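Contents: one structure, followed by commentary.
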Amino acid sequence: MHFQGEQTINTSVEKVWAFFMDPNAVAQCAPGFQSMEILGPDHFKPKLAIGVGAVKVTFTLDVTLEDMREPSHAAMAAHGMAAGSGVDMRAAMDLTPESATTTHMNWTADVNVSGTLASMGARLLEGVAHKQTDNFFSCLREKLEAAPA
Amino acid sequence: MTAPIIRGMGHSVKRKEDARFLRGKGTYIDDVKLPGMLYMDIVRSPYAHANITKIDASKALALPGVLAVITGKDLDAAGLAWMPTLMGDKQMVLPIDRVVYQAQEVAAVIATERYIAADAVALVEVEYEPLQPVIDPFKALQADSPLVRPDREQKTNHIWHWEAGDAAQTDAAFQQAEVVIQQDLYIPRIHVSSIETCGCVASFDKVAGKLTIYMTTQAPHVIRTVFSLVSGIPEHKIRVISPDIGGGFGGKVPVYPGYVIATVASLQTGHPIKWIEDRSENLQADSFARDYHISAELAAKRDGTIQALRVKTLADHGAFDAAANPSKFPAGLFSIITGSYNLDAAHVEVDGVYTNKPPGGVAYRCSFRVTEAVHTIERLVDRLAQELHMDPADVRFKNFIQPEQFPYKSPTGWEYDSGNYPAALRKAMEKVGYADLRREQAEKRARGDLMGIGISTFTEIVGAGPSHTFDILGIKMFDSAEIRVHPTGSAIVRIGVQSQGQGHETTFAQIVAEELGLPVENITVEHGDTDTAPYGLGTYASRSTPTAGAATAVAARKIREKAKHIAAHLLEVSPDDLEWTDHQFQVKGAPSRVVTMTQIAFAAYTNHPQGMEAGLEAVDYYDPPNLTFPFGAYICVVDIDRGTGAVTIRRFVAVDDCGNIINPMIVEGQIHGGLTMGMAPSLMEAITYDENGNMQQGTLMEYLLPTAMETPAWETDKTTTPSPHHPFGAKGVGESATVGAPPAIANAVVDALSHLGVTHMDIPITPWAVYSILEQAGAAEV
Amino acid sequence: MTTQSVTLTINGEPYTAQVEPRLLLVHFIREVANLTGTHIGCDTTSCGACTILVNGVPAKSCTLFAVQVNGADIRTVEGLEQGDTLSPVQQGFFEEHGLQCGFCTPGMMMTATALLARNPDPSELEIRQAISGNLCRCTGYVNIVKSIQHAAKQMREAQATPTPVTVGAEAGQA
Amino acid sequence: MIPNTFEYVAPTSVLEATGLLQQHGADAKLLAGGQSLIPLMKFRLASPAYLIDLQHIPELTTLEERDDGLVIGAMVCESALESSALIRSRYPGIAETSAVVADPLVRNFATIGGNLAHADPANDHPAMMLATRATIIADGARGHRAIPIDDFLVDTFQTSLNPDEILVEIRVPRAAAHTGSAYTKFERKVGDYAIAAVAAQLTLDGDTCTQAGIGLTNVGPKAIRASAAEQFLIGKQMSDEAVIREAARLAAQAAEPTADLRGPAEYKRNVVRTLAARTLRTAAQRARNAS
């Protein structure tokens, strides 16, 4: 599944970048965030209860940051297993300063779900994954804009 | 003395096996419980193609009640990480470092209880490194495709090439043809999905050194031999028992890794190990059927005379070539593709390909690859009729092999035993009211309503086989029967084939009843236990009656020959003075001087002639001189909803000819079931994969087995053309309907839409495929 | 692991056991009560091989926890035969060849039993609708429909003339 | 397929049940008929620590028509609705909806409350409730509240129930004179979710439509109200085929289908149009016949 989007964030590109360098801050936007283990500056393991309504599966994702080009480009790869299912995701974002206090963000995410979730949830998976990915990026914007200047 | 009432051939004897099934007293695999039994559950791969970088079982092993977690490395140490397939390939039992299809077995958990085993499966942590999966068989053959099987010497996804017929002669016929019909067809991957899934209970008795495996298998004897060869355990120390089988249809022929792992676990723990698949495991990992990409051409004259057939096929075999075909036939009996028609030439090619999908290529209630063949020729004949503006029935009548041409040598090398194709089609047309239906169709079409009439006049090829041609792993495809008549005139029959619902306990008793003149209720039939039953190749490909049925009749005739000498002794006449009349021996010309088989049986143990061995028993290993060729004429009538594209089967008339019939009730039941399993893939069932190799029909919510509401009230009838070489003229019937029904349905739908320019639709014919045609033609309801 | 005491009356016999709440009713019947005539064919409430009667209502016992039906009156295939007399539904399946491999048969017969209890004279369509939650892979349903019609007829006739159902010779053999 | 472990509790009053919900929070899940939840649990796609079984709460099984309308308790099962003389005669669309939920055996346990609260876009009742303009009655720690069905349905698997609230009742406005309802589902086979389905309720004055409700099943992230079609119908003559066709076209426009194993998106939209026309004809005929 391929998702993409763009948004303008009312914060400087430096602040946006700094926010992304703080895994604890970013994790607050991850769906169903429960806890996180930090293994290094670019390697984290958040525990997420992903799902909606009655369906809920707890994944421990293995997240690594890659291709970091401050302050304009960041990418991450995540992989997790639970309930006979695998989730693999690659996400990337490009930041462009629009002004001193606004930043334009283009993002893409490729999500692959395998196993039980894919075969049981196929009819709903794309819609739900799309929404959760959208929510993640709009949550980032909200958190950034809410942060004290 | 009145002749005994025996109820042999041709009687609709009610089934003996029903007594236990009706009371819930059948013993299916999950009903087997042994003292000290442990449970196995399997960790499976969510990925279609991935490296395994780590398996951590520590959390699972820490769970109370968990005794072991078995991985590929454990099996490798015992030399059992791979096993041979029936097709000369090898297959992973458990992977050492790499998975090659989704839901492949990765590790097995052994626990004291079923629920604990399931909990432990969730605790086994496996790390994967996903690889690009090979999903499309055509791309699999491109040079840049990833390799599914780097373990093989040949670094290609191409497995084998097979062909039959005469290429040069066929090409020549095409060069001169007045009309050439070309059609690509895809016969999709499907799954038998018997209501009982697969499973086993493996029990190793350390003291006796004997391994007993209760297993959902259609072929217990072959399994025993293979297990002995692979494990090194002497064959007399292995006993395979097929309990009652909750439907087989071909899906219970292969050896699945679960059987092997459970056996290893029992050998290691000394406990019986039970393994039962759940439905998703069954659908996702067990052997599939079909998956043939066919490109076919028919050469004909303008007057509708068919001259030649040319076919190229790509066969998607998944990650291992684990089909269940006779060894010399990697594409099964696909070369029956010339069907019921008298062709001058034919050439058929098939190429097998590896992909990252489960292995298989087993039957789906059909003889080896016959469904694919029949669908192709029956669709092509309809296309030819359409092209030439002829009625599809007329084209068939014009091209049928005529009754006097039998035995008929086909251009791909088969010798058809017997048939009367025009008679079957005429009967079907009368029964369905063909002319009236055509009139109704014309009227409806004028009003814009859509109905279609589809014909299929198929020829089956079953009963493998003559042993000079047919073997499985070198074991010749004979089959066997052993009959022992008890002193008081009852008998036990043991056979090498295995019922999965066909009613062998009844029909084989009827064969013996007929041949020996004993009442059917006095005859017990046993099968499925390799310690007691004679060696046989098993039940699939409609071979039970043609092979083991023949063996039963021949064994009974051996007994009858001995009985004749005892009868002569009792009547104090020469055996030459006796004749077998009304199921008893009678002195020629003296109807009052008779002895019954019951009297003879008693004498065989109490008063047998001096110099003769006591007892009354015989065994026969029957090697059929040829295959048998059942056939039929099916006509399907469909209505199409212009608002949704939904296809409804209004009527379906099936006229079958399976030679002489043992039990008409059971034959009719087999045809009903076969028709339903022919309809299912025509309109509903199919297995598809997404680009990551996720199987998209992993439950019965998405894999669409028909209910009583989608299934029409089948109408059946028969003609009878005995097989000239079978001891009692039978041919086999279990799969005819599955083979014959799909083209009748597809032809009916195409017929309903033909005036809109439609010439072909692949199966399953979905409502959206139909609707899209209606929409484009402006024929949809608005 | 928490367990709860569950008591079920199955075919008139009481069964009590301490069970985990997650124990599926079908496993209570098969493993605790050892009545293996009730089968399991899927994981998604699709096939009906596990159909039993809960207080007379047909239910898929793989989609109920045993704790949910604590105290209930359960009837399974083993409870159809009365003494040595097959029930009309069993007799119908025998006479009309309504079964082949026999795996779906217990569930199918329980559904049919409940249908005929509420509708003594169902049409073919009503029968097909009633059994549409029970999958059969062998028979193509034609003879199952006939079996249920046979049973319905027999039950109506028995009501008219109260003679007990006789057991067929073969069906009597166990 | 074996579920994870859980604790089972069976309260006998709504008060007790809401107390348990408050106590266990997100770890708890309500069990109605369980016909969707238990399969999810078997696949371990749902693993609640506490399962609160609602079957022993008598007030959840009401089924009666009062002056202001029909009251259906959350735990009323589909087979009860399907066979109820009251529902069949006065609210035939609801009976028709219940009669096509899953299969007959599932319907013996599946409940209307569960069907609505699970909020699967493929579930059948939400569309019918949109058509009848039902109200959901929720009960929780903060007391009763009435939620219009449009507000209740939020998204896939999401309703506006608070985590500590229980759906206790469905209130359907009393069917006015000359009101008719219908539900038409097109499925791949019995037991399947709809490729698409359409619910409609019409009130007529003579042949003139005075009220219209149309709901669509499984052609979007949740059940969809075909508002434009509803508005179009007001004041129109229902015996005019052009009216039916235009309403059906507008209903199809409201659908937001996606492609899946039940067909391509545009196909589903076309099926909505076909089904909408058929359902409106049936509902109108019933309205004419209703007293």
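Note that the coordinates shown come from a computational prediction; the quantities given were computed from them, not determined experimentally. Residue numbers begin at 1 in each chain, while the letters A, B, ... track the order of the sequences.
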Under the salt bridge (Lys or Arg N to Asp or Glu O under 4.0 Å) test, residues paired with B:Glu526 that sit two or more places apart:
B:Arg494

Which residues pass the side chain to side chain contact (heavy atoms under 4.5 Å, CB included) test with C:Ser147, not counting sequence neighbours?
C:Phe93, C:Glu96

Between B:Met709 and C:Ile131, is there a side-chain heavy-atom distance shorter than 4.5 Å?
no

Atom group of B:Ile245 that falls short of 4.5 Å from chain C, counting heavy atoms
backbone

Is C:Leu135 in contact with chain B via its backbone, its side chain, both, or neither, using a 4.5 Å heavy-atom distance?
both

Kindly state each residue pair satisfying ring-ring contact (aromatic ring centres under 6.0 Å, His included) with at least one member in residues 31-59 of chain C, sequence neighbours excluded.
B:Tyr28-C:His39, C:His39-C:Phe103

By a 4.5 Å heavy-atom criterion (distance strictly below it), what part of C:Thr139 contacts chain B: side chain, backbone, both, or neither?
backbone

Max heavy-atom pairs within cutoff under 4.5 Å with chain B, candidates C:Val142, C:Val77, C:Thr105, goes to C:Val142

Please lay out, stage by stage, how C:Ile40 and B:Glu196 fare under the test side chain to side chain contact (heavy atoms under 4.5 Å, CB included).
CA-CA 7 Å; C:Ile40 301 172; B:Glu196 180 198 43; over 6 Å; no

List the steps, then state whether side chain to side chain contact (heavy atoms under 4.5 Å, CB included) holds for B:His672 with C:Asn143.
CA-CA 8 Å; B:His672 289 161; C:Asn143 287 348; 3.5 Å; yes

In terms of heavy-atom proximity below 4.5 Å to chain C, should B:Pro706 be classed as side chain, backbone, both, or neither?
both

Approximate separation, where rounding is to 0.5 Å, of C:Thr36 OG1 and B:Asp30 CG
9.0 Å

Atom CG of C:Leu125 with >12 non-hydrogen neighbours under 6.0 angstrom
yes

Looking at B:Gln502, is its backbone amide N or carbonyl O close enough to the side chain of C:Gln100 to form a donor-acceptor pair, meaning the two atoms are under 3.5 Å apart?
no

Would you find a donor on one side and an acceptor on the other, under 3.5 Å apart, between the side chain of B:Arg279 and the backbone of C:Asp43?
no

Taking atom SG of C:Cys42 and atom CG of B:Asp278, what is their separation to the nearest 0.5 Å?
10.0 Å

Side chain, backbone, both or neither: which part of C:Leu35 has an atom under 4.5 Å from a heavy atom of chain B?
neither

Please round to the nearest 0.5 Å and tell me the distance separating atom OG1 of C:Thr45 and atom CE of B:Met701.
7.5 Å

Which atom pair, heavy atoms only, marks the closest approach of C:Cys101 to B:Gly246?
SG-C, 3.3 Å

Taking all non-hydrogen atoms of both residues into account, name the closest pair between B:Leu22 and C:Gln90 and its distance.
O-NE2, 2.8 Å

Within this structure, what is the CD-SG distance for the pair B:Gln500 and C:Cys138, rounded to the nearest 0.5 Å?
9.0 Å

Where along residues 24-33 of chain C does a heavy atom come under 4.5 Å of chain B, listed by residue number?
C:Leu24, C:His27, C:Arg30, C:Glu31

Please lay out, stage by stage, how B:Arg15 and C:Glu95 fare under the test salt bridge (Lys or Arg N to Asp or Glu O under 4.0 Å).
CA-CA 9 Å; B:Arg15 298 200 326 167; C:Glu95 293 292 340; over 6 Å; no

Answer with side chain, backbone, both or neither: which region of B:Ile666 has an atom nearer than 4.5 Å to a non-hydrogen atom of chain C?
both

State the OG1-CD distance between C:Thr44 and B:Glu702, to the nearest 0.5 angstrom.
9.5 Å

Does any heavy atom of chain B fall under 4.5 Å from the side chain of C:Asn34, the backbone, both, or neither of them?
both

Could you grab the distance from atom CE of B:Met665 to atom NE2 of C:His97, nearest 0.5 Å is fine?
5.0 Å

So what's closer than 4.5 Å to chain C heavy atoms on B:Ser12: side chain, backbone, both or neither?
neither

Do C:Arg137 side-chain atoms and B:Val192 backbone N/O form a donor-acceptor pair below 3.5 Å?
yes

Does NZ belonging to B:Lys33 count more than 12 external heavy atoms closer than 6.0 Å?
yes

When heavy-atom pairs shorter than 4.5 Å are enumerated against chain C, which of B:Phe21, B:Tyr115, B:Phe249 gives the highest number?
B:Tyr115

Which atoms of B:Glu277 approach chain C - backbone, side chain, both or neither, heavy atom under 4.5 Å
neither

Output the option from C:Gly37, C:Gly102, C:Gly140, C:Cys104 having the highest count of non-hydrogen pairs under 4.5 Å with chain B.
C:Gly140

Pick one of side chain, backbone, both or neither for B:Thr707, based on which atoms fall under 4.5 Å of a heavy atom in chain C.
both

Treating C:Tyr141 as the side-chain partner and B:Gly673 as the backbone partner, does any N or O pair qualify as donor plus acceptor under 3.5 Å?
no

Chain C contacts, top residue of B:Gly674, B:Ala680, B:Gly669 (heavy-atom pairs, under 4.5 Å)
B:Gly669

